[in-house]
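What follows is a set of notes on a single structure, which appears directly below.
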Amino acid sequence: MKCPFCGFEESKVIDSRPTDEGQRIRRRRECLSCGKRFTTYEIIESLPIIVIKKDKSRETFNRDKLMTGLLRACEKRPVSIDMLDNMIDEIETVLQNSLDREVSSEKIGELVMEKLKAIDEVAYVRFASVYRQFKDINTFMQELNKLLENN
């Protein structure tokens, strides 16, 4: 870290503490050349995830949009908001940890269905019926049969 007083590029950290509810770290530093002290702030860099939709348009990943779809699928089911929040956190972590800054909506849908299947099968079928755009009762039955075969 470059000293704001003399421009020397080395300093030592005297004190560190979290600020902004753990979103940033405040560091007190001392320049190894002139001995003056200064404060720096460190934050986690988060790059936005871009979602490539079916029509090839792009938009920023929207956690609230995903929550809305999940709430609709889980309506009148024994699935808590905390469970859905945790599921979205896990999905977001997978997406952030991947090296891709752009991800297809299909990949997000598959991740959601994988997690939802473990939580509630009825909600899974509801989500799948919208996500996979079931055209008729036969496609719906095929998905139900797959679900039954795996149990």
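Since the model is a prediction, treat every value here as computed from it, not as a measurement.
- Side chains of Glu92 and Phe61 form a contact here, defined as non-hydrogen atoms less than 4.5 Å apart.
- Between Gly109 and Phe127, the shortest heavy-atom distance links the atoms O-CE2, 4.0 Å.
- To the nearest 0.5 Å, atom NZ of residue Lys65 and atom CD1 of residue Ile108 are 9.5 Å apart.
- Residue Ile14 is not grouped with residue Ile25 when hydrophobic side chains (ILVMFWY) are merged at heavy-atom distances under 4.5 angstrom, including chains of intermediate members.
- Looking at Asp55, its side chain does come within 3.5 Å of a backbone N or O of Ser57 through a donor-acceptor pair.
- More than 12 heavy-atom neighbours from other residues, nucleotides or ligands sit within 6.0 angstrom of NZ on Lys117.
- Side-chain contact between Cys6 and Cys31: present, with at least one pair of heavy atoms (C-beta onward) separated by less than 4.5 Å.
- If you chain together hydrophobic residues whose side chains sit under 4.5 Å apart, Leu116 and Val122 never meet in one group.
- Lys53 has its side chain within reach of Glu59: a pair of non-hydrogen atoms, C-beta onward, lies under 4.5 Å apart.
- Connectivity analysis of hydrophobic side chains (ILVMFWY, heavy atoms under 4.5 Å, direct or indirect) links Met1 to Phe5, Phe38.
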Let's go through Lys54 and Ser105 carefully: what are the C-alpha distance in whole Å and the side-chain angles of both, what is the deciding distance for side chain to side chain contact (heavy atoms under 4.5 Å, CB included) to 0.1 Å, and is it a yes or a no? CA-CA 7 Å; Lys54 289 178 184 174; Ser105 59; 4.1 Å; yes
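- Separating the CG atom in Leu111 from the CD1 atom in Ile91 is a distance of 6.0 Å, to the nearest 0.5 Å.
- Between Lys115 and Asp120 there is no salt bridge, since none of the side-chain N atoms of the basic residue sits less than 4.0 Å from a carboxylate O of the acidic one.
- Under the 3.5 Å distance criterion, with hydrogens and angles disregarded, no donor-acceptor pair is assigned to the side chains of Thr19 and Arg26.
- Looking only at side-chain heavy atoms (C-beta outward), Ile50 and Val103 stay at 4.5 Å or farther from each other.
- Here Arg28 pairs with Thr39 under the side-chain hydrogen bond (donor to acceptor under 3.5 Å, both in side chains) rule; sequence neighbours left out.
- With a 4.5 Å cut-off on side-chain heavy atoms, Val51 and Arg58 do not count as touching.
- Ion pair Glu42/Arg24 not flagged as a salt bridge, since none of the NZ, NE, NH1 or NH2 atoms sits closer than 4.0 Å to an Asp/Glu carboxylate oxygen.
- Under a hydrophobic-cluster definition in which Ile, Leu, Val, Met, Phe, Trp and Tyr are linked whenever side-chain heavy atoms come within less than 4.5 Å, directly or via other members, Val94 and Met113 are assigned to the same cluster.
- Taking each heavy atom of Leu32 and Ser11 in turn, the nearest pair found is CG-CA, 4.0 Å.
- Listed by chain and number, the residues in a side-chain hydrogen bond (donor to acceptor under 3.5 Å, both in side chains) with Glu9 amount to none (sequence neighbours excluded).
- Considering Ile119, Val79, Ile81 in turn, Val79 is the only one that fulfils the side-chain contact (heavy atoms from CB on, under 4.5 Å) rule with Cys74.
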Steps toward side chain to side chain contact (heavy atoms under 4.5 Å, CB included) verdict (Arg72, Arg126): CA-CA 9 Å; Arg72 196 168 296 128; Arg126 285 179 180 170; over 6 Å; no
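- For the pair Asp89/Arg63, a side-chain contact is recorded, criterion being any heavy-atom separation below 4.5 Å from C-beta on.
- No more than 12 heavy atoms of other residues, nucleotides or ligands sit less than 6.0 Å from atom CD of Glu10.
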Residue pair Arg27, Thr40: steps toward the side chain to side chain donor-acceptor pair (under 3.5 Å) verdict: CA-CA 5 Å; Arg27 297 198 193 278; Thr40 60; 5.5 Å; no
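- Distance check: Leu95 CG to Arg101 CZ gives 9.0 Å after rounding to the nearest 0.5 Å.
- Criterion: ILVMFWY side-chain heavy atoms under 4.5 Å apart, direct or through other members. Under it, Ile52 and Ile49 are not part of a common hydrophobic cluster.
- Using a 4.5 Å heavy-atom cutoff, the side chains of Leu84 and Met87 are in contact.
- Looking at heavy atoms from C-beta onward, Arg29 lies out of side-chain contact with Asp15 at the 4.5 angstrom threshold.
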